[in-house]
Amino acid sequence: MEKNFDINDGGYSIRSKIYCQNQKNIDQVILFLHGFGSYKDTAALTKFAEKVISKYKTTAVIGFDFPCHGADARKKLMLSECCAYLDLVKKYVHEHFGTERIYIYATSFGGFLILKYIHENGNPFVKIALRSPAVNMYDSLLEHAKNSGQYDKLMKGKEVLLGHERKVKVSPAFFEEIRETNLNEIEFIDFADELMILHGTEDDTVPFAEVEQFADNNIIEFVPFEGDHRVRNPKTMDFVIHTIITFFDLGA
């Protein structure tokens with residue numbers, strides 16, 4: 001089954017979606033963190049969730065919209081609120097399902113956010129799989145602004161609209177927040193055993209070599225695959241999903 005629901009907590013209303021066989025019998029949950037300008041209802045999440053719940057009867061997969069993404073009602077994008085959403089979804093899982101067994105599957109901007117989160121808070125998750133994590137988030141977003149014809153406006157201190165499925169209003173202050181979180185200057189070796197990175201060899205959004213170097217510097221398992229940032233090839237997506245599920249080792 002799949003069902004949309006809202007998590008109303010802390011003054012926020014987090015648009016969420018759960019995939020599972022039976023909500024009354026869940027002992028572990030995988031949270032899906034989408035990319036910048038994307039949202040919870042992606043084909044990547046749906047296909048992944050279907051594969052998981054078809055085999056693991058007591059596992060649920062939950063996706064949710066970050067602030068200013070998808071069906072979210074907020075207008076101003078802030079890193080602090082992105083992390084607050086993650087905290088509140090994690091809290092919901094603890095309270096609603098009574099489990100501490102939470103895994104993370106994060107893509108692109110979602111990968112940037114979860115790395116920032118564990119650096120600042122430690123890692124409360126069992127395992128974290130990162131597909132095409134934006135370890136160069138500032139450069140990637142700046143390039144996006146240039147390609148969208150928004151760069152000059154941004155340099156004048158004005159807000160710009162960036163994104164894919166939904167345009168996100170981004171302020172110069174948000175760019176500065178991103179710039180100050182330089183993942184390549186942070187050590188993640190202590191978390192390496194719980195992390196895995198998958199990255200496309202033809203990624204033109206987050207350069208392959210940069211992510212490979214990041215993984216090598218932090219002794220993180222690195223799995224290359226043939227493809228670009230958004231993984232459009234069904235066979236490649238099947239490989240990615242299989243690799244992540246195997247890494248998670250969810251049990252029976």
Side-chain angles (χ1 to χ4, degrees), residues 1-35 38-42 44-46 48-74 78-107 109-131 133 188 190-196 244-245 247-252:
M1 63 157 282
E2 58 183 77
K3 181 181 178 181
N4 289 312
F5 68 102
D6 295 341
I7 298 173
N8 298 306
D9 196 354
Y12 302 113
S13 184
I14 305 173
R15 313 302 187 190
S16 308
K17 190 168 191 175
I18 184 170
Y19 299 78
C20 64
Q21 289 198 28
N22 183 354
Q23 286 199 57
K24 296 181 180 179
N25 186 28
I26 300 299
D27 58 19
Q28 54 191 1
V29 175
I30 302 168
L31 300 183
F32 177 82
L33 312 186
H34 63 72
S38 187
Y39 63 136
K40 65 183 182 301
D41 295 298
T42 64
L45 170 57
T46 300
F48 174 78
E50 288 173 349
K51 290 281 188 181
V52 169
I53 69 173
S54 67
K55 184 175 181 180
Y56 303 100
K57 297 180 180 179
T58 61
T59 301
V61 179
I62 294 177
F64 62 95
D65 291 331
F66 278 119
C68 306
H69 289 71
D72 187 77
R74 303 192 77 75
M78 299 166 54
L79 283 182
S80 58
E81 291 193 339
C82 291
C83 292
Y85 273 33
L86 177 56
D87 259 332
L88 291 173
V89 176
K90 178 167 66 72
K91 175 186 173 186
Y92 174 87
V93 170
H94 291 329
E95 294 179 349
H96 195 75
F97 299 111
T99 181
E100 301 287 328
R101 293 188 60 79
I102 302 177
Y103 300 76
I104 297 289
Y105 171 16
T107 71
F109 177 56
F112 168 86
L113 286 173
I114 194 61
L115 288 169
K116 172 181 169 62
Y117 183 92
I118 65 173
H119 166 63
E120 296 175 350
N121 301 281
N123 181 21
F125 307 106
V126 181
K127 289 186 178 180
I128 298 171
L130 306 167
R131 175 168 65 80
F188 290 92
D190 289 345
F191 305 117
D193 289 345
E194 291 82 44
L195 295 172
M196 179 181 67
I244 292 173
I245 292 175
F247 171 67
F248 283 166
D249 189 21
L250 299 168

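Between H96 and Y92, the two ring planes are parallel [angle under 30°; tilted spans 30° to 60°]. Ring planes of H69 and H34: tilted class, angle from 30 to 60°. Between Y85 and Y12, the angle of the ring planes goes over 60°, which puts this pair in the perpendicular group of the 30/60° scheme.
The two atoms that bring C20 and I26 nearest to each other are CB-CD1, 3.8 Å, heavy atoms only. Among all heavy-atom pairs drawn from R74 and G11, the shortest one is NH1-O, 4.3 Å. Nearest heavy-atom pair across F248 and I104 is CZ-O, 3.3 Å. Scanning all heavy atoms of the two residues, the minimum distance from Y103 to D249 falls at OH-O, 4.4 Å.
Partners of N25 by side-chain hydrogen bond (donor to acceptor under 3.5 Å, both in side chains), not counting sequence neighbours: none found. Annotation: side-chain hydrogen bond (donor to acceptor under 3.5 Å, both in side chains) contacts of S16 (sequence neighbours excluded): none. The side-chain hydrogen bond (donor to acceptor under 3.5 Å, both in side chains) check on N123 picks up nothing, with sequence neighbours excluded. With sequence neighbours excluded, the residues forming a side-chain hydrogen bond (donor to acceptor under 3.5 Å, both in side chains) with K17 are E2, D41, listed by chain and number. Applying the side-chain contact (heavy atoms from CB on, under 4.5 Å) test to V52 and every residue at least two apart in sequence or in another chain returns I30, F48, Y56, T59, V61, I245, L250.
Note that the OG atom of S38 and the CG atom of D65 stand 8.5 Å from one another [nearest 0.5 Å]. Note that the CE atom of M1 and the OH atom of Y19 stand 11.0 Å from one another [nearest 0.5 Å]. Separating the CG atom in L33 from the OH atom in Y105 is a distance of 10.5 Å, to the nearest 0.5 Å. To the nearest 0.5 angstrom, K40 atom NZ is 5.5 Å from N4 atom CG. Here I128 contributes atom CD1 and I102 contributes atom CD1; the two are 11.0 Å apart, rounded to the nearest 0.5 Å. Note: F125 CZ to E100 CD = 10.5 Å, rounded to the nearest 0.5 Å.
For K90, the NZ atom is densely surrounded, since the number of other residues' heavy atoms within 6.0 Å is greater than 12.
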Quick one: do F64 and L88 satisfy side-chain contact (heavy atoms from CB on, under 4.5 Å)? Show the steps, please. CA-CA 11 Å; F64 62 95; L88 291 173; over 6 Å; no
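At a threshold of 4.5 Å between non-hydrogen side-chain atoms, the residues T99 and H94 do not count as touching. Residues I244 and M196 have side chains in contact (heavy-atom distance under 4.5 Å, counting atoms from C-beta outward). Inter-residue side-chain proximity for I18 and V29 is flagged as unmet; no heavy-atom pair is nearer than 4.5 Å.
Remark: side-chain polar atoms of D6 are not paired, donor with acceptor, to backbone N or O of N8 under 3.5 angstrom. Side-chain atoms of Q21 come within 3.5 Å of backbone atoms of I53 as a donor-acceptor pair (strictly under, hydrogens ignored).
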List, one per line, each side-chain donor-acceptor pair under 3.5 Å for residues 111-122, sequence neighbours excluded.
unit_1	atom_1	unit_2	atom_2	d
K116	NZ	E120	OE2	2.7
Y117	OH	D87	OD1	2.4
N121	ND2	Y117	O	2.8

